[in-house]
Amino acid sequence: FKQKTAYEIRLSLVGSEMCIRDSVNDLRFQVAARQMELRPNTPGAMWEIPGAVTLGGFYRLNSNRTERHFQLADNLNFVLGHHRLSAGVDAHLVQLDATLRNRYAGIFVFPSLQDFRLGRPDLFIQAFGDPRTAFNTIPVGAWLQDRWELRPRLLLELGARFDRQAMPNGVSRSSNNIAPRLGLAWRPSTDRPLVLRLGTGLFYDRYPLAFLNDALQKDGIRGFEQYAVGPDALRAWTLGRGATLSSPLPGLAPSTYRTAADFRSPCSRKLSAGAEYGLGKDTSVSVEASHVRGFRLPRTRNTTGTLPPRY
């Protein structure tokens, strides 16, 4: 690409207050803005020969986006005997104003160099309509955690977090998510500053803005895509002479995007084990091994189209 412009502005405010004896309330507010603009070095359709070469304008490089983030979090910590309890809530408003022209210039895919020389694409994709979108989404969460001193030098941490995301109009409702957490810390001896740790838990994430954008941008009203294989792909190549089509290909049905009715939040499960050794009052060294597995990762599925003959 020939042009890339990006900036980020962030402002954070933190306030702590001793509410009652053995308790502290922590309130945080954060505002951030991000902007990015991308322009391809070569405008126009992209020609792809898988495993060989890509020519033309890359299908994702002609775009600009502005994100604004507003986040408020409140956390209350208090002590009851051998228990250190923590409870809190947070809300995160995300605003996106974007013009993501993904696939609006067209894509032609050729099975081989020979097919490219002969001008015989096997696949054609192009989006039509207004690429501009503007929407809001609000992830909210609440949590409760107990750090319990079972015995001297042995701590057990139990917790759970609830997450849900308010979605823009036109997108399926998100799932209600409860993520349990468990941790254990043990110091084998008072003579050595060594602590052994074990932990596991579920961690939910908000839906990627790019997936929400496709569902709103190409909903069949604001815009759509045309997906052609075989003879129809060759017809698109001939009609546009390998360039971006100025209007939809006649006789080819539009393809639209929509979110699944069961639109569950992506999450990961983490298992970790580690050790920490103190080197001084404010210095320590640690080592940790983790196993992380993702679930419900977002993906796009072609539910009505067919694969090209050569794939």
V79-L85 co-clustered via ILVMFWY side chain contacts under 4.5 Å: no
Set of residues satisfying side-chain contact (heavy atoms from CB on, under 4.5 Å) with respect to R132, sequence neighbours excluded: T99, D130
side-chain hydrogen bond (donor to acceptor under 3.5 Å, both in side chains) partners for T54, two or more places apart: E48
S86 and N75: CA distance, side-chain angles, deciding distance, side chain to side chain contact (heavy atoms under 4.5 Å, CB included) verdict: CA-CA 7 Å; S86 173; N75 187 42; 2.9 Å; yes
Results of side-chain hydrogen bond (donor to acceptor under 3.5 Å, both in side chains) for E288 - residues two or more places apart only: S290
Steps toward side chain to side chain contact (heavy atoms under 4.5 Å, CB included) verdict (N64, R101): CA-CA 9 Å; N64 56 276; R101 302 175 184 86; 3.8 Å; yes
Any pair counted as ring-ring contact (aromatic ring centres under 6.0 Å, His included), so long as it reaches residues 247-301, sequence neighbours left out: Y207-F263
Separation between CG of L100 and CG of N213, rounded to the nearest 0.5 Å: 4.5 Å
Criterion side chain to side chain contact (heavy atoms under 4.5 Å, CB included) on V53 and F116, from CA distance to verdict: CA-CA 11 Å; V53 66; F116 177 70; over 6 Å; no
Same cluster (ILVMFWY, side-chain, under 4.5 Å), F70 and L27: yes
Qualifying ring-ring contact (aromatic ring centres under 6.0 Å, His included) pairs, either residue in residues 230-249, two or more places apart: W47-W237, F108-W237, F110-W237
For H69, all residues meeting ring pair (Phe, Tyr, Trp, His ring centres under 6.0 Å), sequence neighbours excluded: H92
All pairs passing ring-ring contact (aromatic ring centres under 6.0 Å, His included) where residues 136-157 contributes a residue, at least two apart: H83-W148
Heavy-atom check, side chain of V109 versus side chain of D122, under 4.5 Å: no
Single-linkage hydrophobic cluster I107~F58, side-chain heavy atoms < 4.5 angstrom: yes
Heavy-atom side-chain proximity of R187 to P193 below 4.5 angstrom: yes
Close side-chain approach of L123 to Y227, heavy-atom, < 4.5 Å: yes
Residues forming a side-chain contact (heavy atoms from CB on, under 4.5 Å) with R299, sequence neighbours excluded: R301
Short side-chain donor-acceptor distance under 3.5 Å, S63 and N102: no
Pairing residues for R241 by the side-chain hydrogen bond (donor to acceptor under 3.5 Å, both in side chains) criterion, not counting sequence neighbours: none
Solution key, residues 169-186 side-chain donor-acceptor pairs under 3.5 Å, sequence neighbours excluded:
residue: S172; atom: OG; partner: T259; partner atom: OG1; Å: 2.9
residue: S172; atom: OG; partner: A260; partner atom: O; Å: 3.0
residue: S174; atom: OG; partner: Q165; partner atom: N; Å: 3.1
residue: S174; atom: OG; partner: Q165; partner atom: O; Å: 2.9
residue: S175; atom: OG; partner: N177; partner atom: OD1; Å: 2.8
residue: S175; atom: OG; partner: S265; partner atom: N; Å: 3.3
residue: N176; atom: OD1; partner: R164; partner atom: NH1; Å: 2.6
residue: N177; atom: ND2; partner: D163; partner atom: O; Å: 3.3
residue: N177; atom: ND2; partner: S175; partner atom: O; Å: 3.2
residue: N177; atom: ND2; partner: S265; partner atom: OG; Å: 2.9
residue: R181; atom: NE; partner: L202; partner atom: O; Å: 2.7
residue: R181; atom: NH2; partner: L202; partner atom: O; Å: 3.3

Set of residues satisfying ring pair (Phe, Tyr, Trp, His ring centres under 6.0 Å) with respect to F128, sequence neighbours excluded: F224
Sequence-distant partners of F211, side-chain contact (heavy atoms from CB on, under 4.5 Å), two or more places apart: P208, P298, T300
Steps toward side chain to side chain contact (heavy atoms under 4.5 Å, CB included) verdict (V285, L279): CA-CA 7 Å; V285 61; L279 300 178; 4.3 Å; yes
Shortest non-hydrogen separation from T137 to P168 and the atoms involved: CB-CD, 4.3 Å
Ion pair D262/R296, N-O distance below 4.0 Å: no
